[in-house]
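Reviewing the structure listed below.
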Amino acid sequence: MTQMIATRAAGQARLEQFSARMGRDYAQGRNFDRGSGSHRDVSMLSAYIRRRLLTEQEVIAAAIKAQGAEASAKFIDEVIWRSYFKGWLEQRPGIWDSYAAGLRQDLAALDGDAGLHHAVQAAETARTGLAYFDSWAAELIETGYLHNHARMWFASIWIFTLKLPWRLGADFFLRNLLDGDPASNTLSWRWVAGLHTRGKPYVAEAGNIARFTEERLTPCAEELAQTVSGLEHLEPGGLPECKKPRIPKVPQKHLPTAFLLTEEDCRIEDFAVQELMCTTAATLATSSLRSPRDVAKNVVQFEVGALADVAQRSGLAVSAMQAGTPSDLVKWALQSGAQQIVTPYVPVGPLRDWLERAKPELDAAGVSLTEWRREWDAMIWPYATAGFFKVKKQIPKFLRTIHL
């Protein structure tokens, strides 16, 4: 696979190149995993969309322009899935908290159980002896990408065949995927495990793998788990009650402002930065927050590139910070005399957790943490309360709202 360049311009070029396949080609071919370097009917735009180097709205606009709304309907659905998962987690932040706490427990168990440690290490280094599984692990480690169908097979085999803790698998993905997103990653693993859609785990089947890899991979059925039960027994209380998404504090134009850029939203041109009284600006590298374990160099380097690109496009004098001690954020703002920090909205996930840890000290210093939330998110998230179908029914309305 050609190395992805972490700039908006590179994302736009890839978007333009793929627009001819966003209709029937995508609908008919999107489930086929043709292997590293041979992916054809999938856009591979997710690393750009995850950081909003490309926005969901402009990607959908490109699909409609090239193929029409009807022909590109399946592609549009898949783009909106990311927004659905984000909105779903925004309304159930306790699911993320539970994942983070459970991961810490799983990692502690890993340190104390030699057998488990060996099994997880084999899975994470492509040495399980299951050729198909190991090929996916190797592709992920090398490229930072994995076809969506392969992600489902991989997660199912991790959970039900290898019988490894699902959160360790989700952590492996989040540490290695260029498009790693707390909502999409966590909820996709929960879906495979039968925790998102209760009682309906995803089962990896040998015939399905062979068919959708065009016989490139041919597992023996006996190697895969034959009887699969979801993991809903691990959460006997069921899903937490859905609550309204968090309403961010809005920036004030008249206050001295420290402007913060993160990989959560790199389309800075959409925000009225010129209306702010900027006293300082910085990028904040946050990949290290994804996991207590080491994050892949591919991921770190892509974030570095994306932040350098958005800094250049901002037109501001931008310094670079690492997400270390949250108190560093307070010192940075105070040094410039800022009374507010302004950043594009930070959704539920590790960076949100880090900012929440900084907030008491910010409040004590008289510095407000304020955010811009996109109309796109405000439009879709209220419908993300149950399954995707509730959002899907509203897609024609969403397209009319954004004049598409």
Side-chain angles (χ1 to χ4, degrees), residues 4 6-19 21-23 26-27 30 42-91 145 148 177-188 245 248 262-271 302 306 309-310 313 343-349 371-384 388-404:
M4 290 188 183
T7 64
R8 173 165 167 78
Q12 288 175 308
R14 185 177 289 269
L15 174 62
E16 183 177 355
Q17 181 182 32
F18 188 72
S19 62
R21 309 191 71 85
M22 289 176 172
Y26 179 82
R30 69 188 180 89
V42 289
S43 71
M44 299 180 70
L45 290 169
S46 54
Y48 298 96
I49 299 171
R50 183 263 180 266
R51 294 169 180 81
R52 282 179 165 158
L53 286 163
L54 298 175
T55 66
E56 298 89 339
Q57 184 169 335
E58 69 181 310
V59 171
I60 289 172
I64 293 174
K65 180 180 179 181
Q67 303 291 330
E70 184 175 351
S72 61
K74 179 51 66 176
F75 181 82
I76 293 170
D77 283 357
E78 294 304 311
V79 173
I80 291 178
W81 260 98
R82 181 174 291 272
S83 298
Y84 157 68
F85 269 154
K86 263 193 165 63
W88 197 96
L89 195 61
E90 285 295 306
Q91 295 172 96
Y145 177 82
N148 188 60
L177 284 169
L178 293 181
D179 64 8
D181 171 81
S184 293
N185 189 64
T186 304
L187 298 183
S188 293
T262 77
E263 69 171 349
E264 295 301 330
D265 199 318
C266 294
R267 179 72 170 109
I268 194 61
E269 295 87 341
D270 293 341
F271 302 106
F302 197 93
D309 182 61
V310 69
R313 285 184 285 107
T343 189
Y345 189 89
V346 177
V348 170
E371 297 164 277
W372 279 309
R373 188 173 70 176
R374 290 182 178 271
E375 293 181 7
W376 174 268
D377 297 331
M379 174 178 68
I380 293 178
W381 288 357
Y383 294 96
F388 179 69
F389 185 67
K390 187 175 179 181
V391 170
K392 181 179 173 66
K393 286 195 302 183
Q394 300 298 323
I395 290 178
K397 174 186 171 183
F398 298 154
L399 298 184
R400 289 194 301 271
T401 300
I402 60 175
H403 308 297
L404 293 176

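If you read the sequence from its start, that first residue is 1, and numbering goes on from there. Please read these numbers as outputs of a predicted model, since none were measured by experiment.
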If you look at every heavy atom in [X] and [Y], which pair is closest and at what distance?
X	Y	result
Ser184	Phe85	CA-CD1, 3.7 Å
Cys266	Arg313	O-NH2, 2.8 Å
Glu371	Pro248	OE1-CB, 3.7 Å
Ala183	Leu89	CA-CD2, 3.7 Å
Gly87	Trp381	CA-CD1, 3.3 Å
Ser19	Ala66	O-CB, 3.5 Å

Would you say that Arg267 contacts Pro344 through its side chain, given a criterion of any heavy-atom pair below 4.5 Å between the two side chains?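 They are not in contact (no side-chain heavy atoms under 4.5 Å apart), so the answer is no.
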Ser72 side chain near Ile64 side chain, heavy-atom distance below 4.5 Å: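 Ser72 vs Ile64: side chains touch.
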When you look at Asp181 and Lys86, which way does the side chain to side chain contact (heavy atoms under 4.5 Å, CB included) test go after all the steps? CA-CA 9 Å; Asp181 171 81; Lys86 263 193 165 63; 2.6 Å; yes
So does Pro347 get a backbone contact from the side chain of Glu264, meaning a donor-acceptor N/O pair under 3.5 Å?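 No; judged by distance alone, with no hydrogens or angles, the pair does not exist.
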Under 3.5 Å: donor-acceptor pair, side chain of Gln91, backbone of Ala384: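 Yes, the answer is positive, given that a donor and an acceptor are paired below the 3.5 Å cut-off.
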Return the [atom1] to [atom2] distance between [X] and [Y], rounded to the nearest 0.5 Å.
X	Y	atom1	atom2	result
Leu404	Ile76	CG	CD1	8.0 Å
Ile60	Ser83	CD1	OG	7.0 Å
Tyr145	Met44	OH	CE	5.0 Å
Asp309	Arg8	CG	CZ	9.0 Å
Tyr26	Gln67	OH	CD	13.0 Å
Ile402	Met379	CD1	CE	5.0 Å

With a 3.5 Å cut-off and no angle check, do the side chains of Tyr383 and Lys397 form a donor-acceptor pair?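 A pair is found: one side chain offers a donor N or O, the other an acceptor, under 3.5 Å apart.
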Flag for Trp376-Thr55: side-chain donor and acceptor within less than 3.5 Å: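 No, no side-chain donor-acceptor contact under 3.5 Å.
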Under the criterion side chain to side chain contact (heavy atoms under 4.5 Å, CB included), I'd like the reasoning laid out for Ile80 against Glu56: C-alpha separation, chi angles, the key distance, then a yes or no. CA-CA 7 Å; Ile80 291 178; Glu56 298 89 339; over 6 Å; no
Run the side chain to side chain contact (heavy atoms under 4.5 Å, CB included) test on Val59 and Leu15 for me, step by step, so that the C-alpha distance in whole Å, both residues' side-chain angles and the decisive distance to 0.1 Å come before the verdict. CA-CA 7 Å; Val59 171; Leu15 174 62; 4.1 Å; yes
Please find out if less than 6.0 Å separates the ring center of Trp81 from that of Tyr84.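 Here the rings of Tyr84 and Trp81 have centres that are less than 6.0 Å from each other.
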Quick one: are the ring centres of Tyr48 and Phe302 less than 6.0 Å apart?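 Close enough - the centres of the two rings lie under 6.0 Å apart.
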Once salt bridge (charged side-chain N to carboxylate O under 4.0 Å, His left out) is applied, what residue pairs with a partner in residues 372-384 remain, sequence neighbours excluded?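 Residue pairs passing salt bridge (charged side-chain N to carboxylate O under 4.0 Å, His left out), neighbours aside: Arg52-Asp377, Asp265-Arg374, Asp270-Arg374.
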